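Here is the structure we will look at, set down as structure tokens.
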Amino acid sequence: VPCDVILGTDPDCDRVAIAVPSENGYVKISGNELGCLLLDYILKARSEKKDIPEGAIAVRSLVSSPLADRIRPSSLDEVVGQHHLVDNGKALRRIIESGNVPNLIFYGPSGVGKTTLARIIANKTNRKLHILNCTTASTKDIRDIIAEIGTFSALDGILLYLDEIQYFNKRQQQSLLEHIENGNIILIASTTENPYFYIYNAILSRSTVFEFKPVDVKDIELAVRRAVEFLSNESGKSIAIEDEAVSVIASGCGGDVRKSLNAVELCSLCVANDENPIITADIAAQLSQKSAMRYDRDGDAHYDIFSAFQKSMRGSDPDAALHYLARLLEAGDLAGACRRLIVCAAEDVGLAYPQIIPIVKACIDSAFQVGLPEARIPLANAVILVSTAPKSNSAICAIDAALADIRAGKTGPIPDNLRDGHYGGAQKLGHAKGYVYPHSYPNHYYKQQYLPNEIKNAAYYTYGDNKNEQAFKAYWDAVKKRGED
């Protein structure tokens with residue numbers, strides 16, 4: 001390594017680079033080429049028992065980065081997945097290619113290309129790029145960036161990329177408003193959480209939200225094969241991978257490209273010392289197992305799984321309901337699964353089969369008594385019962401209609417005949433006067449007004465069209481008709 005090299009940052013990839021003297025000036029060396037050059041130099045120096053400059057080791061450590069970063073796409077055509085955003089003719093791609101990039105918010109799970117796409121966009125602008133991760137950044141970092149507006153280093157403005165913006169509080173987000181409003185700063189923010197819950201409304205109103213989706217297995221397989229080829233070129237040693245191993249890694253990462261690349265890197269390290277390195281399906285399974293679960297009890301996935309779980313039971317699909325139950329149990333969320341199960345029994349089966357509530361409660365009690373993994377058995381019984389039982393939402397509709405009237409102020413005084421008359425002076429106030437005891441009449445029924453005068457004709461409950469509720473309806477229709485006669 002020449003002693004008069006220049007150490008700096010490669011503007012094309014924002015990574016450490018050196019400029020080496022040559023006949024025609026300087027030659028730039030960066031990224032993996034620089035890493036390999038320094039590694040070769042360090043190994044050779046060690047083998048010859050020469051002193052190694054501290055700078056060489058320091059720079060080598062700087063260029064050493066995870067495979068997912070070393071292989072990060074630099075153009076839209078290299079991005080895998082997100083076809084609804086980056087394929088030819090799609091809106092986001094056309095915006096990027098126009099060169100006039102607005103404020104953007106990228107929303108989606110980890111490892112699906114949000115940061116990659118933000119970096120690609122940044123490389124297409126003449127603005128000075130600043131990247132902050134909101135898990136560690138502070139308001140001072142924002143102020144320092146704002147201070148650069150209008151300076152020589154940021155004549156064309158600033159492009160600010162905020163990763164994990166959900167970790168910025170309202171005040172930190174508000175500090176950007178003036179500058180993204182007047183265009184001095186273009187904001188690109190990424191978040192794994194629903195932006196409509198976590199991002200300040202004023203930021204949302206000035207930005208366009210694009211949702212990123214988990215990457216399909218077929219697309220991830222392309223990334224896996226590309227990664228193996230990259231590692232082969234980087235190491236100078238051909239690495240093979242079985243087709244089944246590609247499938248195991250791609251299908252086991254839950255749509256997360258970064259996870260798949262991490263698995264590839266681990267697999268390559270596992271076979272690095274083999275004479276003919278080959279990544280087998282068995283090795284891939286060992287190093288990528290249990291990576292398909294996406295579950296964060298404080299994140300969107302938590303609520304998405306619960307939503308899908310209850311909607312599947314409500315929709316009478318026992319197979320789908322069991323699938324989502326399995327996800328919850330695999331994540332260890334026994335309590336959450338039980339809560340949603342008892343809610344669904346009351347809300348979606350309800351009066352169509354009222355006996356289901358104590359049955360489901362018994363299954364839940366059993367699940368807690370035995371614990372996981374055996375808890376899956378009584379819960380599976382309960383889920384199948386709820387999914388295949390007749391359905392009625394008449395009870396929840398009735399109580400919600402009543403609550404709507406209460407919240408709208410439709411209440412009124414309780415009728416005097418229904419008020420408490422068990423204390424001295426109640427009769428003088430007219431309380432309980434005129435109340436008729438229904439049990440004293442045939443069929444234990446007597447027609448009298450129970451609702452306040454203001455809403456005396458309100459009807460909250462409508463009988464469901466199931467056999468059970470229709471039987472109740474027929475009974476009460478007959479009783480009330482006889483009472484009127």
Side-chain angles (χ1 to χ4, degrees), residues 12-14 68-69 71-134 156-166 168 173 176-177 179-181 183-220 222-223 226 253-258 260-261 294 300-301 304:
D12 295 329
C13 61
D14 195 34
D69 188 55
I71 201 175
R72 190 184 297 277
S74 58
S75 71
L76 293 174
D77 292 331
E78 294 176 1
V79 175
V80 296
Q82 311 311 328
H83 299 289
H84 63 297
L85 299 178
V86 299
D87 277 5
N88 287 324
K90 297 301 181 183
L92 181 57
R93 182 174 187 130
R94 295 174 69 178
I95 290 171
I96 295 170
E97 291 176 341
S98 74
N100 297 314
V101 180
N103 299 309
L104 301 171
I105 294 174
F106 294 161
Y107 157 50
S110 301
V112 296
K114 301 187 299 297
T115 302
T116 294
L117 199 54
R119 288 178 179 271
I120 291 172
I121 293 172
N123 288 335
K124 289 185 173 290
T125 71
N126 293 322
R127 292 174 175 256
K128 183 172 183 181
L129 173 65
H130 285 280
I131 300 175
L132 293 179
N133 188 302
C134 297
D156 295 318
I158 292 171
L159 191 149
L160 174 60
Y161 175 57
L162 293 180
D163 194 15
E164 304 292 355
I165 191 175
Q166 73 270 18
F168 262 15
Q173 293 183 35
L176 293 167
L177 281 178
H179 306 287
I180 66 173
E181 180 81 48
N184 286 329
I185 292 178
I186 289 179
L187 174 66
I188 300 179
S190 68
T191 174
T192 56
E193 306 297 344
N194 192 322
Y196 298 100
F197 295 156
Y198 288 89
I199 298 180
Y200 181 47
N201 284 337
I203 296 285
L204 282 174
S205 69
R206 293 164 174 79
S207 309
T208 303
V209 178
F210 288 95
E211 182 176 3
F212 285 60
K213 299 177 181 178
V215 181
D216 291 338
V217 171
K218 292 296 183 184
D219 288 323
I220 293 180
L222 296 175
R226 183 190 300 170
C253 66
D256 186 329
V257 178
R258 187 186 297 113
S260 72
L261 297 180
R294 276 188 192 278
D300 284 347
D304 287 344

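What you see is a predicted model; the values in this text were computed from it and never measured.
Under a cut-off of 6.0 angstrom, the local environment of NZ in K90 is sparse, with at most 12 non-hydrogen atoms contributed by other residues, nucleotides or ligands.
Every ring pair (Phe, Tyr, Trp, His ring centres under 6.0 Å) that F212 has, sequence neighbours left out, goes to F106. In terms of the ring pair (Phe, Tyr, Trp, His ring centres under 6.0 Å) criterion, Y161 has no residue partners (sequence neighbours excluded). For D216, the side-chain contact (heavy atoms from CB on, under 4.5 Å) partners are D219, not counting sequence neighbours. Taking the side chain to side chain donor-acceptor pair (under 3.5 Å) definition, one finds that E164 meets it with Q166, sequence neighbours left out. The side chain to side chain donor-acceptor pair (under 3.5 Å) search around R258 returns none, not counting sequence neighbours. When the side-chain contact (heavy atoms from CB on, under 4.5 Å) test is applied to S205, no partner is found at least two apart in sequence or on another chain. Evaluation of the side chain to side chain donor-acceptor pair (under 3.5 Å) rule for H130 yields E148 as partners, not counting sequence neighbours. Among residues two or more places apart in sequence or in another chain, the side-chain contact (heavy atoms from CB on, under 4.5 Å) test is passed with L204 by I105, P195, Y196, I199, N201, V209. Annotation: side-chain contact (heavy atoms from CB on, under 4.5 Å) contacts of A91 (sequence neighbours excluded): none. When the side chain to side chain donor-acceptor pair (under 3.5 Å) test is applied to R206, the partners found at least two apart in sequence or on another chain are E181.
The salt bridge (charged side-chain N to carboxylate O under 4.0 Å, His left out) pairs that include a residue from residues 105-117 number zero, where partners must be two or more places apart or lie in different chains.
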Identify every side-chain donor-acceptor pair in residues 72-80 under 3.5 Å, counting partners at least two apart or on other chains, and give the distances.
residue	atom	partner	partner atom	Å
R72	NE	D69	OD1	3.4
R72	NH1	T116	OG1	2.9
R72	NH2	D69	OD1	3.4
D77	OD1	R93	NH1	3.3
D77	OD1	R93	NH2	2.8
E78	OE1	S74	N	2.9

